[in-house]
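Data first, discussion second: the structure below is written as structure tokens.
Quick note: numbers below take in every heavy atom, side chains included, and nothing from hydrogens, waters or symmetry partners.
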Amino acid sequence: MLKIKNISKSYPGKDHALQNVEFEVKAGEICGLLGNNGAGKSTVLRSVVGAQDVDAGEIFIGGQRLKEHSISCKKMLGYIPDNQALYPYLTGRQYIAFVSSFYAIPKEEKEKRIEEYTAILNLEHAFDQVISSYSKGMKQKLLIIAAMVHQPGLIVMDEPFSGLDPATVNQLIQIVKEEKRRGAAVIFSSHMLDIAEKICDKIVMLKEGMVVIDSQLVEIYKYGRLEHLLLGE
């Protein structure tokens, strides 16, 4: 579903933010993108969702080249960013209606999904309140709904568990597992290695903009725990 082929990226003052990064995530697979701060995780994810261009290499989503088929590729993905960029003057319901208007979702189907997600995430009580009144955790729940409402083939999440209480972390884990069962490909960055070990099928680990591990989780355990590998022990 997602194929990243030899992408490189530099920024002013930071050469080689990414260096020939290459890996893929198949349909029905959960991939954890790990690495220390500055390793290149967010740069990879922002490139995948088309928020920035790469300097070299190619990104394919659903077999289509992102550079040539930007719109159709973006329709296939759902994105949970790490910055909680929302419209504070809208209610939760208005925001989801706005986001879902970009996709051809039958009305009844859309309403059913929204009802299911707000119930799972315990957001029903605040769904008609303005987003400016939301806590950080509530905003994250709204972003989760916005990313999932159109049932994307690829789900991209940048530090999705950050700032969530344990109950909401468990709720998101269950949603991600259900999306996997549906056949979606999932990629997320995280510093929470215990969650990565709990739900991932494969791990891609970055160091200084390069892929140092790209393997199924069961294979990685032959060489040690994720924490030891990340710390270089």
Side-chain angles (χ1 to χ4, degrees), residues 25 28-33 41-42 45 48-49 74-201:
V25 185
E29 190 171 55
I30 301 174
C31 174
L33 186 63
K41 302 185 301 297
S42 291
L45 298 185
V48 168
V49 301
K74 289 176 182 178
K75 286 183 177 180
M76 287 188 273
L77 63 83
Y79 178 42
I80 301 176
D82 64 342
N83 58 9
Q84 294 195 332
L86 294 161
Y87 297 107
Y89 51 84
L90 295 179
T91 66
R93 188 181 303 278
Q94 289 170 335
Y95 178 75
I96 297 302
F98 169 68
V99 171
S100 60
S101 68
F102 293 103
Y103 307 96
I105 313 172
K107 183 178 179 181
E108 289 186 7
E109 192 173 326
K110 177 181 69 175
E111 291 178 351
K112 180 182 178 182
R113 291 176 196 165
I114 291 172
E115 184 177 346
E116 289 175 351
Y117 284 128
T118 53
I120 292 170
L121 295 167
N122 298 319
L123 198 62
E124 304 108 314
H125 69 287
F127 204 46
D128 290 303
Q129 297 175 11
V130 292
I131 296 171
S132 60
S133 68
Y134 282 23
S135 66
K136 182 178 180 180
M138 291 163 66
K139 290 176 181 176
Q140 191 74 346
K141 291 178 180 182
L142 193 64
L143 287 169
I144 293 167
I145 297 171
M148 309 292 183
V149 68
H150 59 295
Q151 293 193 326
L154 172 64
I155 298 168
V156 181
M157 305 186 294
D158 197 352
E159 295 289 348
F161 301 99
S162 178
L164 296 183
D165 61 71
T168 307
V169 167
N170 186 62
Q171 290 160 353
L172 180 53
I173 287 173
Q174 297 310 311
I175 289 173
V176 169
K177 287 182 176 179
E178 183 57 37
E179 291 301 306
K180 172 189 172 177
R181 283 191 288 269
R182 183 176 61 80
V186 181
I187 180 170
F188 72 94
S189 65
S190 182
H191 289 100
M192 303 176 74
L193 302 185
D194 56 330
I195 293 177
E197 290 182 327
K198 185 181 296 185
I199 68 173
C200 288
D201 299 299

Contacts of type side-chain contact (heavy atoms from CB on, under 4.5 Å), residue D194, not counting sequence neighbours: M192

Set of side-chain contact (heavy atoms from CB on, under 4.5 Å) partners for V169, sequence neighbours left out: F161, L164, I173, I195

Going by side chain to side chain donor-acceptor pair (under 3.5 Å), name the residues that satisfy it together with Y79, two or more places apart in sequence or in a different chain. none

Which atom names give the shortest non-hydrogen contact between C200 and G32, and what distance separates them? SG-N, 3.4 Å

Of all the heavy-atom pairs spanning L143 and P81, show the shortest one and how long it is. CD2-CD, 4.3 Å

Which value, rounded to the nearest 0.5 Å, describes the distance between D158 atom CG and I80 atom CD1? 10.0 Å

What's the spacing between I144 CD1 and T118 OG1 if we round to 0.5 Å? 12.5 Å

In chain order, what residues pass the salt bridge (Lys or Arg N to Asp or Glu O under 4.0 Å) check against D128, with sequence neighbours excluded? R93

Those residues that, when tested against E124, pass salt bridge (Lys or Arg N to Asp or Glu O under 4.0 Å) (two or more places apart): none

Which residue pairs pass the ring pair (Phe, Tyr, Trp, His ring centres under 6.0 Å) test with at least one member in residues 133-159, sequence neighbours excluded? Y103-H150

Residues two or more places apart in sequence or in another chain: which of them pass side-chain contact (heavy atoms from CB on, under 4.5 Å) with K110? S100, I105, I114, V149

For residues 137-146, which residue pairs qualify under side chain to side chain donor-acceptor pair (under 3.5 Å), counting only residues two or more places apart or in two chains? Q84-Q140

Could you tell me the separation between the CD atom of E159 and the CG atom of N83, rounded to the nearest 0.5 Å? 12.5 Å

Only counting residues at least two apart or in another chain, list the ones meeting salt bridge (Lys or Arg N to Asp or Glu O under 4.0 Å) with K180. D201

Who passes salt bridge (Lys or Arg N to Asp or Glu O under 4.0 Å) against E29, sequence neighbours left out? none

Sequence neighbours left out, what passes ring-ring contact (aromatic ring centres under 6.0 Å, His included) with F98? Give chain and number order. Y87, F102

Residues in side-chain contact (heavy atoms from CB on, under 4.5 Å) contact with E115, at least two apart in sequence or another chain: none

